[in-house]
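Written below as structure tokens is the structure these notes are about.
What you see below is based on every heavy atom in this structure, not just the backbone, and it leaves out hydrogens, waters and symmetry mates.
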Amino acid sequence: MELINNASLKDFTTFGVEAACDHLYRVEDYEELKLAVQYLERPLILGGGSNVLPIGDIHRNVLRIEMKGIHLLEDGDQPIIGVAAGEVWHDFVMWALRNDLGGVENLSLIPGTMGAAPMQNIGAYGVELESVFHSLQAIEIGTGKVRVFFKEECKFGYRDSIFKKEVKDKYVITGVNLQLTRDHKLNTTYGAIQDVLIEKGISHPTIHDVSDAVVSIRQSKLPDPKVIGNAGSFFKNPVIPTEQFEKIKEMHPSLPGYPAEVGLTKVPAGWLIEQSGWKGYRKGNAGCYEKQALVLVNHGGARGEEIWELAQDIISSVKDKFQIELNPEVNLWGNEK
Ligand code: FAD
Ligand code: EPU
């Protein structure tokens, strides 16, 4: 375990905002992690830093999870693969493709680590982690007790899980077990995937073709954090009562909406933000990305406070115009009351 005192979180988060952190521990060893979570006071857990915005300096112990390893746990038609929390998510997707295992191809190129994936039940292009999730291992912070969470216990929802609610900040996830397929059932229902496949003249796609299509769509829309700091979608897409959706649609007929649970409709926050006039807006070094209004960006040298101020301005302007409250998807650090 390597300890960096007075570390800069700029190098460990994709927003790239300047923020000092008193003690950053890089943990590659499971037993060391177990000891650390018992003895360090209220540690913050960090993976790839692609869904975190530090606001100001962080006077906490930060544990960066870097344990590696991918193992076949159970073979068969739907093999179960055990993956250490520090594995990079996209590297795992590539591993699955190399082994002709399906189920995660639509989730290609999502940044971050395996351990963070269950936190918000990562999702893209019509698929969410829960569709391949089997179970996970975690260590309880404070006691060091090991616990297994099976799928039902994780209470997965849209960008949601038990780890963001009932047991928030109580566990560090150390490994995730995923159940993949050998007999692939492709999901190409998300419009843009079909368009790319047709454009390429592919009528019988493989999991590799779907992954390639997803990668090219993502690269055309989303900013590369190595070039421009960001954390993907800053806000969740709001899910509102269908009745409210229909009323707003009467005034704004182009409002898109997707059916959610019974009586609820999901509305794209990117549309609401664009219609409120923010797309491409820049104030100082913080901005709203010109190709995707849902992504807030650091044009270079922005502080976390600046990004968060812009986010709050967007929240109140969307509220004024549409009476819809946006909620951040990104985890705000240093903002805890
Ligand atoms: P971090 O940012 O390090 O942490 C995120 C949260 O999880 C924090 O609260 C942290 O404390 C906690 N955490 C991290 N690791 C652990 C662990 N081992 N145990 C317990 N808690 C932990 N997300 C999507 O769902 N779909 C997308 O399509 C998508 N696209 C993106 C595109 C871009 C360009 C970017 C920058 C981000 C995107 N994201 C997307 C968000 C991000 O990739 C995911 O949320 C990812 O799972 C975060 O992983 P991470 O390792 O970087 O987590
Ligand atoms: N839209 C606009 N203007 C914009 C952006 C979007 O009008 O500037 C509207 C369009 O109508 C578009 C619709 O929003 O058709 C949906 O846009 P897009 O397909 O880009 O998806 P999204 O809802 O903005 C969500 C996820 C992404 C995920 C993509 C693909 C959330 C919060 N975001 O974005 O996840 O990659 O779908 O499945 O659910 C992330 O979580 O960080 C993330 C990038």
Side-chain angles (χ1 to χ4, degrees), residues 1-69 82-89 111-122 135-149 153-155 159-176 231 303-305 308 328-337:
M1 181 157 64
E2 183 194 357
L3 165 61
I4 310 174
N5 286 312
N6 201 21
S8 167
L9 286 179
K10 187 171 190 261
D11 307 328
F12 294 99
T13 58
T14 59
F15 247 126
V17 298
E18 199 54 76
C21 152
D22 290 354
H23 310 290
L24 179 91
Y25 297 81
R26 303 182 64 165
V27 195
E28 291 177 356
D29 183 82
Y30 178 81
E31 294 303 328
E32 286 185 346
L33 175 66
K34 230 171 145 190
L35 282 178
V37 298
Q38 284 177 73
Y39 298 110
L40 294 177
E41 203 192 325
R42 292 175 62 234
L44 277 168
I45 310 300
L46 183 66
S50 64
N51 213 15
V52 165
L53 175 66
I55 302 177
D57 293 341
I58 304 298
H59 302 294
R60 302 263 296 265
N61 292 300
V62 173
L63 293 173
R64 188 171 194 263
I65 306 306
E66 301 185 8
M67 289 105 58
K68 303 279 189 213
V83 190
E87 285 287 344
V88 170
W89 171 264
T113 56
M114 180 58 71
M119 294 293 300
Q120 69 162 13
N121 182 24
I122 55 167
S135 54
L136 63 77
Q137 300 84 41
I139 307 176
E140 191 178 25
I141 292 172
T143 66
K145 270 195 208 153
V146 175
R147 179 170 164 188
V148 174
F149 287 82
E153 295 171 278
C154 293
K155 301 189 183 168
R159 297 292 188 273
D160 201 18
S161 75
I162 193 171
F163 303 101
K164 295 194 89 176
K165 288 197 171 132
E166 293 95 319
V167 299
K168 186 170 163 36
D169 298 328
K170 292 206 165 67
Y171 287 91
V172 50
I173 295 166
T174 54
V176 181
R303 288 171 297 109
E305 290 90 332
W308 181 226
E329 175 191 300
V330 171
N331 299 279
L332 307 170
W333 278 14
N335 203 34
E336 304 92 1
K337 294 280 168 296

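Scored by the ring pair (Phe, Tyr, Trp, His ring centres under 6.0 Å) test, Phe15 finds no partners at all (sequence neighbours excluded).
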Report task. Step by step, work out the side chain to side chain contact (heavy atoms under 4.5 Å, CB included) result for Tyr171 and Leu136. Result -> CA-CA 11 Å; Tyr171 287 91; Leu136 63 77; over 6 Å; no
Query raised in the report: Given Gln120 and Glu329, is the side chain to side chain contact (heavy atoms under 4.5 Å, CB included) satisfied, shown in steps?
Result: CA-CA 8 Å; Gln120 69 162 13; Glu329 175 191 300; 3.0 Å; yes
Query - side chain to side chain contact (heavy atoms under 4.5 Å, CB included) evaluation trace for Arg26 with Ile4 - result: CA-CA 8 Å; Arg26 303 182 64 165; Ile4 310 174; 4.0 Å; yes
Query raised in the report: Hey, mind stepping through Glu66 and Val27 against side chain to side chain contact (heavy atoms under 4.5 Å, CB included) and telling me if it holds?
Result: CA-CA 5 Å; Glu66 301 185 8; Val27 195; 5.9 Å; no
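The closest donor-acceptor contact from the side chain of Asp57 to the backbone of Ala20 lies under 3.5 Å. Within the 3.5 Å criterion, the main-chain N or O of Asn51 finds a donor-acceptor partner in the side chain of Asn331. Judged by distance alone, with hydrogens and angles left aside, the side-chain atoms of Glu140 form no donor-acceptor pair with the main-chain N or O of Lys170 at under 3.5 Å. In terms of modelled atom types and a separation under 3.5 Å, the side chain of Thr113 and the main chain of Gly86 share no donor-acceptor contact.
Within 6.0 Å of atom NZ in Lys68, more than 12 heavy atoms from other residues, nucleotides or ligands are found, so the atom counts as buried in its surroundings. The number of heavy atoms from other shown groups lying within 6.0 Å of NZ (Lys164) is above 12. Heavy-atom neighbours of Glu41 CD from other residues, nucleotides or ligands within 6.0 Å: at or below the threshold of 12.
Closest non-hydrogen pair, Gly144 versus Val37, comes out as CA-CG2, 4.4 Å. Lys10 and Gly16 make their closest contact through CG-O, 3.5 Å (heavy atoms, listed as atom of the first residue, atom of the second, distance). For Arg159 against Ile122, the heavy-atom pair with the smallest separation is NH1-C, 4.4 Å. In terms of heavy-atom proximity, Val330 sits nearest to Ala231 at CG2-CB, 3.8 Å.
Here the NE2-CG distance, from His59 to Leu44, works out to 12.0 Å after rounding to the nearest 0.5 Å. Once rounded to the nearest 0.5 Å, the distance linking OG1 of Thr143 with NZ of Lys34 reads 9.5 Å. The CG atom of Asn6 sits 7.0 Å away from the CG atom of Asp22 when rounded to the nearest 0.5 Å. Separation of atoms CD1 (Ile58) and CG (Asn61) is listed at 12.0 Å; rounding is to 0.5 Å.
Counting heavy atoms from C-beta outward, Leu46 and Leu24 have side chains that approach closer than 4.5 Å. Between Glu28 and Met67 there is no side-chain heavy-atom pair separated by less than 4.5 Å. Residues Met1 and Asp29 form no side-chain contact, since every pair of their non-hydrogen atoms from C-beta on lies 4.5 Å or further apart. The shortest distance between side-chain heavy atoms of Val17 and Arg303 does not fall below 4.5 Å. Side chains of Leu63 and Val172 form no contact here, defined as non-hydrogen atoms less than 4.5 Å apart. When side chains are defined from C-beta on, Phe163 does not count as touching Ile45, because their heavy atoms never get closer than 4.5 Å. You'll find the side chain of Arg42 stays beyond 4.5 Å of the side chain of Asp169, heavy atoms only. Side chains of Leu40 and Tyr25 form a contact here, defined as non-hydrogen atoms less than 4.5 Å apart.
Here the options are Leu33, Thr174, Ile173, the test is side-chain contact (heavy atoms from CB on, under 4.5 Å), and the partner is Ile65; only Leu33 passes. Considering Ser50, Ser8, Pro54 in turn, Pro54 is the only one that fulfils the side-chain contact (heavy atoms from CB on, under 4.5 Å) rule with Thr13.
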